[in-house]
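Take a look at the structure below.
Worth knowing before you read on, the calculation uses all heavy atoms, side chains too, and leaves out hydrogens, waters and symmetry mates.
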Amino acid sequence: MYLEMAVGQFFRSGSVNCWAKIHPMLRGIGVGCVCVSILLCLYYVVIIARCFLYFFNSFTGTLPFTICGDASPLASCCNGDAANYYWWNNILNASTGFEDVSNFNWKLLGCLALSWIIVYACMFKGVESSGKAVYFTATFRTLR
């Protein structure tokens with residue numbers, strides 16, 4: 001990562017073009033770096049969406065991941081563990097097989113849209129506004 005940043009600053013260009021300036025056959029390294037960055041971004045946004053779903057579900061009277069129900073065909077996945085049951089049946093909303101596509105998790109889709117909106121807002125405003133957010137979040141927990 002540091003090598004890519006240093007080479008990019010030296011050539012004053014992006015990931016793909018800086019490797020192409022070293023040697024035209026090295027352009028694939030830059031393309032690979034961009035592909036890995038895109039895949040990591042997609043993965044991280046899905047993790048953020050699941051965190052939002054857990055966060056919103058934690059506002060209920062009884063926490064849903066403390067109750068293990070047995071009315072599902074996936075009850076064998078539970079094995080007495082309420083958190084495992086909640087993961088398979090509520091967060092993943094797993095079906096019995098590929099042919100059963102009846103249950104779509106609209107809550108997770110909404111959380112995914114919210115996480116993409118937050119990522120877009122952070123990217124749109126730039127580094128200066130995210131620095132202010134870090135100042136707030138780092139000091140807010142000490143004010144209790």
Just so I know, are the side chains of Asn17 and Arg27 near enough to count as touching, which here means a heavy-atom distance under 4.5 Å? yes

Quick check for you: to the nearest 0.5 Å, what is the distance between Leu112 atom CG and Asn105 atom CG? 10.5 Å

Which ILVMFWY residues can you reach from Ile117 by hopping between side chains whose heavy atoms are under 4.5 Å apart? none

If Ile, Leu, Val, Met, Phe, Trp and Tyr residues are connected whenever their side-chain heavy atoms lie under 4.5 Å apart, and connections chain through other members, are Leu114 and Phe55 in the same group? yes

Say you draw a straight line from CD1 of Ile118 to CZ of Phe52; how long is it, rounded to the nearest 0.5 Å? 3.5 Å

On the 0 to 90° scale, with breaks at 30° and 60°, tag the Trp87-Tyr54 ring pair as parallel, tilted or perpendicular. parallel

How does the hydrophobic cluster around Phe124 look, that is, which other residues are in it when side-chain heavy atoms under 4.5 Å mark a link? Tyr120

Could you pull out the closest heavy-atom pair between Ile91 and Leu53, with the gap in Å? CD1-CD2, 3.4 Å

Just verifying a value: how many Å separate Cys41 SG and Met123 CE, rounded to the nearest 0.5 Å? 8.0 Å

How far does SG of Cys33 sit from CD1 of Ile38, to the nearest 0.5 angstrom? 11.5 Å

Spatial distance of atom SG (Cys111) from atom CG (Asn57) [nearest 0.5 Å]: 7.5 Å

Return all side-chain donor-acceptor pairs below 3.5 angstrom for residues 42-51, not counting sequence neighbours, or 'none' if the list is empty.
none

With a cut-off of 6.0 Å (strictly less than), are more than 12 heavy atoms of other residues, nucleotides or ligands near NZ of Lys107? no

